[in-house]
Amino acid sequence: MQLLPELKNNRPLAIGLLLIALVAVYLVGFHWFVTRHLELSDQIASLEERAARFKAAVARRPQLEAQLESLEAERLDSALFLPESSFNVGAAGLTRRLRDIIQREADDADLCSIVSTTNRPDSEPERFEQVTVNVRMNCPLPDMVRILYQLENSVPLIFVDNLIVNQRIPADRAGRRGSSGYGQLDIRFDMYGFLTEQARG
């Protein structure tokens with residue numbers, strides 16, 4: 001029985017055993033290191049990519065801030081105009097806002113009421129069309145002061161012009177609150193706002 005290989009087969013066998021030994025040494029001593037190194041390389045590449053994105057975002061920050069400021073200014077400018085799309089709708093919106101303010105600010109809505117409103121179209125519209133409503137109403141002075149203040153400090157911007165105030169004390173309300181002092185006032189004024197160019201178009 002032959003225990004050792006023939007001499008002519010010793011070289012290939014030795015090479016095979018050497019390869020097996022090298023693989024075993026690699027698996028035992030170096031495989032974990034190579035695997036860990038590859039994982040770290042992937043993490044480094046990912047971090048470098050994220051850092052590049054952050055750097056690009058930081059570089060764009062001034063441009064983005066300028067765009068944001070522009071959008072905010074544009075939104076604020078748009079908010080100052082009447083949101084309605086046409087003259088008639090804008091005039092109805094002005095009247096509705098006046099009624100809402102009366103309901104909020106008047107101590108007694110029965111004593112502060114709108115007698116009449118008349119829409120007055122802009123005879124010579126320029127860049128922004130003016131929407132004007134002629135208003136006549138009866139109201140006690142303290143209530144009227146608050147109403148006019150709220151009108152001119154609201155958004156969208158509403159302007160008050162041609163204010164005419166006359167004292168009026170109806171006989172049937174002589175004993176009611178609001179008839180003392182200045183009493184009931186007959187008040188006439190124009191309130192107006194502006195449509196945006198987009199609304200006119």
Side-chain angles (χ1 to χ4, degrees), residues 57 60-170 172-173 176-201:
R60 292 183 57 200
R61 179 175 179 177
Q63 176 187 357
L64 294 175
E65 287 180 343
Q67 290 179 351
L68 179 60
E69 291 177 0
S70 176
L71 290 174
E72 289 178 345
E74 183 178 347
R75 183 179 63 180
L76 178 59
D77 290 343
S78 297
L80 300 180
F81 291 91
L82 299 177
E84 288 81 12
S85 59
S86 66
F87 174 86
N88 289 330
V89 179
L94 283 175
T95 303
R96 184 182 65 254
R97 291 180 184 88
L98 176 59
R99 294 185 188 279
D100 291 342
I101 292 174
I102 291 172
Q103 290 297 321
R104 291 198 311 267
E105 300 297 331
D107 290 333
D108 188 343
D110 291 335
L111 292 179
C112 192
S113 59
I114 298 174
V115 176
S116 64
T117 59
T118 304
N119 301 340
R120 193 178 72 195
D122 194 351
S123 58
E124 297 180 358
E126 297 180 356
R127 181 177 178 184
F128 303 105
E129 182 177 6
Q130 180 174 324
V131 178
T132 304
V133 178
N134 303 125
V135 180
R136 181 180 179 185
M137 58 186 296
N138 296 326
C139 197
L141 180 60
D143 291 344
M144 197 64 215
V145 170
R146 291 194 299 270
I147 291 167
L148 292 176
Y149 177 82
Q150 291 298 325
L151 269 178
E152 291 200 321
N153 285 275
S154 62
V155 175
L157 288 181
I158 300 174
F159 303 90
V160 174
D161 195 12
N162 299 325
L163 178 64
I164 300 174
V165 180
N166 294 310
Q167 188 172 359
R168 174 178 172 273
I169 305 178
D172 60 339
R173 294 185 178 180
R176 297 180 61 177
R177 188 195 64 78
S179 62
S180 60
Y182 287 101
Q184 195 77 350
L185 301 177
D186 179 45
I187 302 165
R188 305 181 188 206
F189 61 91
D190 298 336
M191 62 176 176
Y192 63 91
F194 294 90
L195 299 176
T196 63
E197 291 179 300
Q198 293 84 350
R200 290 181 61 189

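Please read these numbers as outputs of a predicted model, since none were measured by experiment.
Heavy atoms only, all atoms of each residue included: Gly90 and Val131 are closest at C-CG1, 3.8 Å. Across all non-hydrogen atoms, the minimal contact from Tyr192 to Leu94 is CA-CD1, 4.1 Å.
Here the side chains of Glu129 and Phe194 are not in contact, with every heavy-atom distance at 4.5 Å or above. For the pair Ile114 and Leu98, the minimum side-chain heavy-atom distance is below 4.5 Å.
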* Could you walk me through whether Ile187 and Leu163 pass the side chain to side chain contact (heavy atoms under 4.5 Å, CB included) check? -> CA-CA 7 Å; Ile187 302 165; Leu163 178 64; 3.7 Å; yes
* To do: Please lay out, stage by stage, how Ile147 and Cys112 fare under the test side chain to side chain contact (heavy atoms under 4.5 Å, CB included).
  => CA-CA 10 Å; Ile147 291 167; Cys112 192; 3.4 Å; yes
* Steps toward side chain to side chain contact (heavy atoms under 4.5 Å, CB included) verdict (Met137, Ile102) -> CA-CA 11 Å; Met137 58 186 296; Ile102 291 172; 3.5 Å; yes
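Judged by distance alone, with hydrogens and angles left aside, the side-chain atoms of Ser113 form no donor-acceptor pair with the main-chain N or O of Ala109 at under 3.5 Å. For Gln184 (side chain) and Leu111 (main-chain N/O), a donor-acceptor pair under 3.5 Å exists by modelled atom type.
For Arg99, there are no salt bridge (Lys or Arg N to Asp or Glu O under 4.0 Å) partners at least two apart in sequence or on another chain. For the salt bridge (Lys or Arg N to Asp or Glu O under 4.0 Å) test, residues two or more places apart in sequence or in another chain that qualify with Asp190 are Arg120. In this structure Arg146 satisfies the side chain to side chain donor-acceptor pair (under 3.5 Å) test together with Asp107, Asp143, sequence neighbours excluded. A search for ring-ring contact (aromatic ring centres under 6.0 Å, His included) contacts involving Phe189 returns nothing, not counting sequence neighbours. Applying the side chain to side chain contact (heavy atoms under 4.5 Å, CB included) criterion to Asp100, with sequence neighbours excluded, gives Arg96, Arg104. Applying the side chain to side chain donor-acceptor pair (under 3.5 Å) test to Thr117 and every residue at least two apart in sequence or in another chain returns nothing.
Note that CG of Asp161 and OG1 of Thr132 are 9.0 Å apart. Values are rounded to the nearest 0.5 Å. The CZ atom of Phe81 sits 9.5 Å away from the CG atom of Leu195 when rounded to the nearest 0.5 Å. Annotation: the span from Thr95 atom OG1 to Asn119 atom CG amounts to 6.0 Å, rounded to 0.5 Å. The structure places CE of Met191 at 8.5 Å from CD1 of Ile101, a figure rounded to the nearest 0.5 Å.
Screening residues 93-124 for ring pair (Phe, Tyr, Trp, His ring centres under 6.0 Å), with sequence neighbours left out, gives no hits.
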Anything under 3.5 Å between a donor and an acceptor, one on a side chain of residues 148-160, the other on a protein residue two or more places apart or in another chain? List them.
residue	atom	partner	partner atom	Å
Glu152	OE2	Val160	N	3.1
Asn153	ND2	Tyr149	O	2.8
Ser154	OG	Leu151	O	2.9
Ser154	OG	Pro156	O	3.4

